[in-house]
A.B. asks: 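Sharing a structure with you now.
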Amino acid sequence: MDTPLNFTVTERFLRYVTIDTQSDPESKTCPSTEKQKNLGRLLVEELLAIGVSDAHLDEHGYVYATLPANTDKSNVPVICFCSHMDTSPDCSGEGVKPLVHKNYQGQDLVLPDDTTQVLKQQNHPELKNQIGNDVITASGTTLLGADNKAGVAEIMDACYQLVNHPELKHGTIKILFTPDEEIGRGVNKADLQKLGAFAAYTVDGETAGNMENETFSADGAKLTIQGISAHPGFAKGQMQSALKIAGQIIATLPYELSPEGTEGMQGFVHPVGIQGHVEHATIDFIIRDFDEDKLSQHAEVIRQTANEVLANFPDAVYQLHIKPQYRNMKAVLDQHPQIVAYGMEAIRRAGLDAKLCSIRGGTDGSRLSYMGLPTPNIFAGEHAFHGKQEWVSVQDMQKVVETILHLCQVWEEKS
Ligand SMILES: [Zn+2]
């Protein structure tokens, strides 16, 4: 950046992670936990203090804000930056005490509140790229919340910089902070009409320089088995236990199509829950692949496996219901190649090697893209998320801020 920046990203980050925003998959409300609004309210306050005058928190826990254009060009598309405020239900987010390990030299990082929690380079190979940097961790008993408060802090700092550096020319910039991403509901109540953006970038990726334009396509499947019940004392030749059928089906699924047996661009079928008794049982599956067409082939594997197993239980029957969950965003992004291309250009202008990657999962962006807002994911610097050894570096977060500023300018320049 030619403009010298007084970064505010680190102090913002250290402030945000101390607010517990864990989401709850069991809750039926939106946001799933009321406490997420505590962060939302603080962000609105800070945006108003920066001078972003329309910042507000809606009743569903979403934060919206607009940075008006400062360019003479009238044709610059409206671009949105998006991060999620909640943290994972997998690990406590209560009482987070962030620690800054200044000038990291490759040593083990022992977390003081639970000294069995040690970040070693061999378990965190990306730490090799952080020598001399300031690495932030939690204290050992909670997650850190860099996923995705790093993204939130980076977007907030970028807003601050844009307001304070009018020489950085940009079109209208929209900000969206969502609740409940970690429980798959991050965009359920997002008002895209109100946002009015042409494209968005989630800032929720891992390694500095990376951009993700591909996610899994995802279906859920429910297999319902109807068996034959009998008194266990008089069941010989009669009983056909739905539970035993379910167990055999799960045990028979091919390893080559399991999460533990796949990587890279391979898809899988994964049983995530089983319920039942002798007469009736259900298995819930998730089905994942980058290639949408393969989802039905994978569902067919479940069907074939069920047929095979049920051949030995002639009076039992089953039903398989498939429910679409989300789709690979690449198909949408490919229709507007400049969105990813400008992102890559901005990463290079920030002085990094830009690398295009795919995510073995979904993002808010995969659903936003199909709701009409094409949304790739750019790096936020977060690592080892959803656990007590989560970390992020100060220098990576600053690179994200620079990338966002460049991205705003690239859109202005090329319009
Ligand atoms: Zn995230």
Side-chain angles (χ1 to χ4, degrees), residues 9 12-13 16-17 19-25 30-33 35-36 39-40 43 61-63 80-93 96 98 124 126 136-138 142-156 158 175-190 200-216 218 288 325-326 328-329 343 357-369 373 375-393 396-397 400-401 403-404:
V9 63
R12 288 180 195 280
F13 177 73
Y16 305 157
V17 295
I19 300 171
D20 180 7
T21 58
Q22 191 178 47
S23 48
D24 174 9
C30 179
S32 66
T33 51
K35 60 191 176 186
Q36 295 180 59
L39 177 57
L43 296 172
Y62 290 69
V63 173
C80 172
F81 292 96
C82 174
S83 284
H84 63 91
M85 295 180 283
D86 65 317
T87 60
S88 168
D90 296 345
C91 183
S92 169
V96 174
H124 300 271
E126 298 251 4
I136 306 177
T137 65
T142 65
L143 49 63
L144 174 62
D147 175 13
N148 186 210
K149 288 165 183 163
V152 172
E154 289 150 3
I155 293 172
M156 289 292 290
I175 306 302
L176 175 65
F177 296 129
T178 61
D180 292 338
E181 189 264 1
E182 297 290 1
I183 56 171
R185 303 183 205 157
V187 299
N188 282 10
K189 303 269 180 184
Y201 297 87
T202 49
V203 183
D204 194 15
E206 204 168 348
T207 305
N210 286 6
M211 177 159 184
E212 288 148 344
N213 68 334
E214 251 197 283
T215 58
F216 272 147
R288 300 290 186 261
Q325 291 177 328
Y326 58 84
N328 187 343
M329 62 189 177
C357 311
S358 48
I359 315 171
R360 288 178 64 78
T363 64
D364 272 351
S366 19
R367 286 182 58 212
L368 286 172
S369 295
L373 184 65
T375 308
N377 188 34
I378 57 178
F379 71 100
E382 54 205 47
H383 292 276
F385 28 85
H386 300 192
K388 294 172 183 170
Q389 300 191 11
E390 187 181 12
W391 61 273
V392 68
S393 81
D396 280 357
M397 289 199 292
V400 181
V401 176
T403 300
I404 295 172

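All ligand and atom numbering here is 1-based and tracks the order in the structure.
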A.B. asks: Which class fits the ring pair H124 and W391: parallel under 30°, tilted 30 to 60°, perpendicular over 60°?
C.D. replies: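 Perpendicular: the ring planes of H124 and W391 meet at over 60°.
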A.B. asks: So, is D147 placed with an N/O/S atom under 2.8 Å from the Zn ion (ligand 1), counting both backbone and side chain?
C.D. replies: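 Yes.
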A.B. asks: At their closest point, which heavy atom of Q36 faces which heavy atom of P31, and how far apart are they?
C.D. replies: NE2-CB, 4.0 Å
A.B. asks: Judged by modelled atom types alone, do D180 and H84 share a side-chain donor-acceptor pair under 3.5 Å?
C.D. replies: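 Judged by distance alone, the side chains do not pair up.
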A.B. asks: Does either side chain, that of S32 or that of D24, offer a donor lying less than 3.5 Å from an acceptor on the other one?
C.D. replies: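 Checked: S32/D24 side chains show no N/O donor-acceptor pair below 3.5 Å.
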A.B. asks: From the Zn ion (ligand 1) out to just under 2.8 Å, does an N/O/S atom of D204 turn up?
C.D. replies: yes
A.B. asks: Tell me which N, O or S atom from H84 is the closest to the Zn ion (ligand 1).
C.D. replies: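 Checking each N, O and S atom of H84, the shortest distance to the Zn ion (ligand 1) belongs to NE2.
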